[in-house]
Amino acid sequence: MTILSGIQPTSNIHLGNYLGAIRNWVSLSRAQNATPQNSLFCVVDLHAITVAQDPAKLRQAVLEAAAAYLACGLDPAHNSIFVQSHVSGHAELGWILGCQTPLGWLYRMTQFKDKAGKDRDNSGLGLLAYPALMAADILLYKATQVPVGEDQKQHVELTRDIAGAFNHQFGENFFPLPEPLMMGEATRVMSLRDGTKKMSKSDASDQSRLNLLDDADTIADKIKRAKTDPDALPSDAAGLANRPEARNLLTIYAAVQGKSLADVLPEVGGGQFSGFKAKLTAALVDHLPPIGQRMQQLLADKAYLQQVLTTGAANANAIAKPTLQGVMELMGLR
Ligand code: TRP
């Protein structure tokens, strides 16, 4: 089993990234006593540039994302932690797989439709090719398990199709077909201002998300203002139907403590939002600021961060090289 995942570098690594992704990577990696050879986590900077980025902000965001991986508990002795663009095989295999991917498959992707919007012809080719690059990220290491949030499942399924088509045409069983791994209670953390919208770094309102770098006062303030509804909290899951804000806040409350919704519903059911918000704030303040502080320490020691990323890229490259060589031989490029 080989695990690979990544998130885009953004200057607002938030609770959704933590609960929906990084925290799950840490438990997966620990559970299988991973090695840098079978557990790889990258900061996908080449995916980030599929939309416009400010160069200085991007450079800083890559470091922040790497610091977040480490601060959340990913151990560089057991995982390859690296930046996508530092391993040239991603771009090379991305091109090769792009040549094998029918446009029809790419046009169908929900994320492309959302991001390109009505004015498709004005979006960059990279936005359309995005899933072929993601397939390259995964297949370069012959990864078998890909922990992702719900919204990325479609891209992992497309990766399976791309791998299957490649195997069929060039070499049966060359690529294993990767499985998307959806983990834990909070695979979808929603906006604090609108329980039907995903928590996102690109939301104009910072009140909509909890960032890993937020301090205790900021967290308390954001929870205080978080949208609710007028009813008391339900004591079973059925009572959450059509109550997206209640569901979201309860999900966050459970997940941040490593519990399930079913664990916390009896505890808070019947109570008012005001009392619950105090508990939620306490749980968040227990868990998030220590991570943020660790991130700040790491960001203050850039030499250490760079060293982790250099080692990670070297480990990753050693695995990627033979895969790329194999692909090129099968296709007649070598
Ligand atoms: N597309 C993913 C996201 O936006 C990030 C990503 C890029 C990724 N390459 C990947 C995730 C490979 C898993 C595996 O969240």
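Below, all heavy atoms of this structure are taken into account, side chains as well, without hydrogens, waters or symmetry copies. First listed ligand is number 1; within each ligand, the first listed atom is number 1.
Atoms of ligand 1 lying under 4.0 Å from any heavy atom of Ser5, numbered from 1 in the order shown and given with element: 11 (C), 13 (C), 14 (C). Contact atoms of ligand 1 toward Gln8: 4 (O) (distance under 4.0 Å to a heavy atom of the residue). Interface atoms of ligand 1 facing Val146, defined by a heavy-atom separation under 4.0 Å, are 13 (C), 14 (C). Below 4.0 Å from some heavy atom of Tyr130 lie the following atoms of ligand 1, by number and element: 1 (N), 2 (C), 3 (C), 4 (O). Atoms of ligand 1 lying under 4.0 Å from any heavy atom of Val148, numbered from 1 in the order shown and given with element: 11 (C), 13 (C).
At least one cation-pi condition fails for Lys227 and Phe273: the charged atom is not both under 6.0 angstrom from the six-membered ring centre and inside a 45 degree cone around its axis.
In the model, Asn211 has no side-chain atom that pairs as donor or acceptor with a side-chain atom of His14 under 3.5 Å.
Nearest residue to atom 14 (C) of ligand 1 from Leu4, Ile3, Val43 is Leu4 (criterion: closest heavy atom). Among His90, Gln152, Gln84, His47, the residue whose heavy atom sits closest to atom 2 (C) of ligand 1 is Gln152.
Within a 6.0 Å sphere centred on CG of Asn242, other residues, nucleotides and ligands contribute 12 heavy atoms or fewer.
Linking ILVMFWY side-chain heavy atoms closer than 4.5 Å, directly or via other members, places Tyr107 and Leu125 in two distinct hydrophobic clusters.
Between Asp203 and Lys197 a salt bridge is recorded (basic side-chain N to carboxylate O distance below 4.0 Å). One finds no salt bridge joining Arg209 and Asp214 here, because no Lys/Arg side-chain nitrogen approaches an Asp/Glu carboxylate oxygen to under 4.0 Å.
Of the protein's non-hydrogen atoms, the one nearest atom 9 (N) of ligand 1 is Asp137 OD2, 2.6 Å. Atom 11 (C) of ligand 1 has its closest protein heavy atom at Gly6 O, 3.5 Å.
In this structure, the side chain of Thr323 engages the main chain of Ile319 through a donor-acceptor pair within 3.5 Å.
In summary, of the residues considered (Lys279, Glu267, Lys277), a side chain to side chain donor-acceptor pair (under 3.5 Å) with Tyr253 occurs for Glu267 alone.
Distances between N or O atoms of Gln111 and those of ligand 1 include no value under 3.5 Å.
Neither the backbone nor the side chain of Val156 comes within contact range of ligand 1; no heavy atom lies under 4.0 Å.
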